[in-house]
Amino acid sequence: MNKEKIKHGIAMIAGIALFHYLLPRELLSLHILFRFLYLVPVAYVAFYTGRKGGLLTALAVTVVFLPHFFMATATQEFIAGNIGAIILFFLAGFFVGNFRDVSEREILKRQEQRQIISASKDGIRSILFYSDNTQLSSAAAEWFISFFADRTMSVCLLSIYNEDETDSFPTEESAREHVSHIKTESRQHVENIRQKLISNGFEAAKIVTKQMPITGNSSISDKILDEVKEGGYDLVLLPKHPKTHTQEFMFGDTAIQVMRKASVPVLSVKGTFE
């Protein structure tokens with residue numbers, strides 16, 4: 001635990017309690033205000049030390065706060081408010097502390113992943129290349145060929161298509177025809193990239209192609225990340241299309257989502273054309 005932050009929390013509790021106990025008992029409105037001020041040290045300690053520190057601080061505040069239950073002027077409503085305040089102390093300690101703990105675990109996980117990546121001495125042996133059936137994907141392949149001199153690495157060419165298009169077409173038959181057309185077009189596009197790699201010295205036996213469908217609420221980035229996890233790739237390569245901040249907020253961005261969540265290095269090839 002962060003001892004310095006705990007000392008700050010204790011000082012805040014002592015200061016609030018001192019002013020609280022000096023208040024005349026008749027000033028119930030100010031007493032109500034002060035009982036909510038105790039949330040400040042609880043949330044403060046929980047934010048810096050985690051759930052355990054938050055709950056212990058909530059317990060300490062409760063002990064300090066208990067004598068107010070026995071005020072001579074306290075009404076039943078006032079006592080009920082005190083009980084509610086104590087419940088809030090523990091809820092604040094739990095939820096703020098839990099947020100801290102989850103965030104810390106996520107940071108440690110990312111640091112561990114970066115250490116694993118930086119500790120690798122074997123170089124890049126396996127690449128996942130996501131193609132979205134656009135000219136930018138072909139340009140990404142050209143860049144990949146010119147940038148990487150090693151022709152012995154394994155390459156998986158991944159294409160993803162939406163299998164559920166029934167809401168976009170008047171009939172199921174027209175939707176199936178569209179999906180079939182997209183699958184064929186995507187397969188041809190990936191095959192063109194494969195042939196381009198082979199003609200530039202990459203080993204045909206080490207180049208595989210995969211087509212994956214998405215349905216319902218699943219996203220392209222989720223499919224890519226699943227394949228990264230299952231395939232054990234050293235690097236992800238994918239196109240990054242130009243989008244405004246509004247477009248990214250409204251519709252998302254596959255490249256950004258993959259870069260944020262992938263446990264391996266990600267290279268995105270940016271383009272300004274379609």
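Along the sequence shown, residues carry numbers from 1.
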Next item on the list: Search all heavy atoms of Pro41 against all heavy atoms of Ile16 and return the closest pair with its distance.
Entry: CD-CD1, 3.9 Å

Checklist line | Nearest heavy atoms of Val179 and Asn162, plus distance in Å | finding: CG2-O, 3.7 Å

Check: Going by heavy atoms in the side chains, are Tyr161 and Ser186 under 4.5 Å from each other?
Finding: no

Margin query: Grouping I, L, V, M, F, W and Y whenever their side-chain heavy atoms are under 4.5 Å apart, do Leu197 and Val208 come out in a common cluster?
Written below: no

Check: What residues, two or more places apart in sequence or in another chain, satisfy side-chain hydrogen bond (donor to acceptor under 3.5 Å, both in side chains) together with Arg187?
Finding: Gln211

Margin query: Do Phe147 and Leu157 sit in one hydrophobic cluster, given that two such residues count as connected whenever their side-chain heavy atoms are within less than 4.5 Å of each other, even indirectly?
Written below: yes

Margin query: List the residues meeting side-chain contact (heavy atoms from CB on, under 4.5 Å) with Ala205, not counting sequence neighbours, and say none if there are none.
Written below: none

Check: Got Ile256 and Arg260 here, is their nearest side-chain heavy-atom distance under 4.5 Å?
Finding: yes

Checklist line | Partners passing side-chain contact (heavy atoms from CB on, under 4.5 Å) against Lys223 (at least two apart in sequence or in another chain) | finding: Ile160, Met212, Ile214

Notebook entry, point to check: Who pairs with Glu203 by side-chain contact (heavy atoms from CB on, under 4.5 Å), at least two apart in sequence or on another chain?
Noted result: Thr152, Lys206

Item checked: Asp132 backbone acceptor or donor facing Ser137 side chain under 3.5 Å -> yes

Notebook entry, point to check: Asp234 and Arg125: which non-hydrogen atoms are nearest, and at how many Å?
Noted result: OD2-N, 2.8 Å

Next item on the list: For residues Leu88 and Tyr38, determine if any side-chain heavy atom of one lies less than 4.5 Å from a side-chain heavy atom of the other.
Entry: no

Check: Any donor-acceptor pair under 3.5 Å linking the side chain of Ser180 with the backbone of Arg176?
Finding: no

Next item on the list: Answer yes or no: are there more than 12 heavy-atom neighbours, outside Phe47 itself, under 6.0 Å from its atom CZ?
Entry: no

Item checked: Non-hydrogen atoms of Leu267 and Leu235 that approach each other most closely -> CD1-CD2, 3.9 Å

Margin query: Whether the side chain of Gln257 engages the backbone of Thr254 through a donor-acceptor N/O pair (distance < 3.5 Å, no angle test) should be reported.
Written below: no

Next item on the list: Output yes when a side-chain donor or acceptor of Asn200 lies under 3.5 Å from a complementary backbone atom of Ile145, and no otherwise.
Entry: no

Item checked: With Arg51 via salt bridge (charged side-chain N to carboxylate O under 4.0 Å, His left out) - residues at least two apart -> none

Item checked: Gap between atom NE2 of His178 and atom NZ of Lys183 - 0.5 Å precision -> 12.5 Å

Next item on the list: For Lys52 and Ala46, indicate whether the former's side chain and the latter's backbone hold a donor-acceptor pair under 3.5 Å.
Entry: no

Next item on the list: Could you pull out all residues at least two apart from Glu191 that satisfy salt bridge (charged side-chain N to carboxylate O under 4.0 Å, His left out)?
Entry: Arg194

Next item on the list: May I ask you to say whether Asp253 pairs ionically with Lys240, meaning some side-chain N is under 4.0 Å from a carboxylate O?
Entry: yes

Check: From Ile86 CD1 over to Leu59 CG, what is the distance, rounded to the nearest 0.5 angstrom?
Finding: 10.0 Å

Checklist line | Nearest-0.5 Å distance, NE2 of residue His189 to CD1 of residue Ile193 | finding: 4.0 Å

Next item on the list: State whether the side chain of Arg100 and the backbone N or O of Thr49 hold a donor-acceptor pair below 3.5 Å, judged by distance alone.
Entry: no

Check: What residues form a ring-ring contact (aromatic ring centres under 6.0 Å, His included) with Tyr44, not counting sequence neighbours?
Finding: Tyr48

Item checked: Residues forming a salt bridge (charged side-chain N to carboxylate O under 4.0 Å, His left out) with Lys196, sequence neighbours excluded -> Glu142

Next item on the list: Run the numbers on His8 and Lys5 for side chain to side chain contact (heavy atoms under 4.5 Å, CB included), then give the verdict.
Entry: CA-CA 5 Å; His8 292 165; Lys5 302 301 181 183; 4.3 Å; yes

Checklist line | Lys210: partners by salt bridge (charged side-chain N to carboxylate O under 4.0 Å, His left out), with sequence neighbours left out | finding: Glu227

Notebook entry, point to check: For the residue pair Asp101 and Gly50, what are the closest heavy atoms and their distance?
Noted result: OD1-CA, 3.2 Å

Check: Side-chain contact, heavy-atom cut-off 4.5 Å: Val258 with Leu238?
Finding: yes

Notebook entry, point to check: Is any side-chain heavy atom of Val264 less than 4.5 Å from a side-chain heavy atom of Val236?
Noted result: yes

Next item on the list: Mind checking side-chain contact (heavy atoms from CB on, under 4.5 Å) for Val269 and listing every partner two or more places apart, or none if nothing turns up?
Entry: Ala140, Trp143, Leu237

Notebook entry, point to check: Can you find a heavy atom in the side chain of Ile13 that is under 4.5 Å from one in the side chain of Thr57?
Noted result: yes

Margin query: I want to check something: taking the side chain as every heavy atom from C-beta on, are Gln247 and Thr244 in contact at a cut-off of under 4.5 Å?
Written below: yes

Notebook entry, point to check: Which distance, rounded to the nearest 0.5 Å, do you find between the CG of Asp222 and the CG of Asp226?
Noted result: 6.5 Å

Notebook entry, point to check: Have Ser219 and Ser221 got a donor and an acceptor in their side chains that come within less than 3.5 Å?
Noted result: yes

Next item on the list: Apply ring-ring contact (aromatic ring centres under 6.0 Å, His included) to Phe148 and list each qualifying residue two or more places apart in sequence or on a separate chain.
Entry: Phe144

Check: How far does CG of Asn192 sit from CG of Asn133, to the nearest 0.5 angstrom?
Finding: 9.5 Å

Item checked: Taking every non-hydrogen atom, the tightest pair across Ala17 and Val64 -> CB-CG1, 3.5 Å

Next item on the list: Could you check Phe129 against Cys156 for side chain to side chain contact (heavy atoms under 4.5 Å, CB included), going step by step and ending with a plain yes or no?
Entry: CA-CA 6 Å; Phe129 182 177; Cys156 176; over 6 Å; no

Item checked: Linked, directly or transitively: Ile83 and Val42 (ILVMFWY side chains, under 4.5 Å) -> yes

Item checked: Heavy-atom check, side chain of Thr62 versus side chain of Phe89, under 4.5 Å -> yes

Check: Would you say Ser199's side chain and Gln195's backbone share a donor-acceptor pair under 3.5 angstrom?
Finding: yes

Notebook entry, point to check: Residues sharing Leu22's hydrophobic cluster, by side-chain heavy-atom contacts under 4.5 Å among ILVMFWY, directly or via others?
Noted result: Leu18

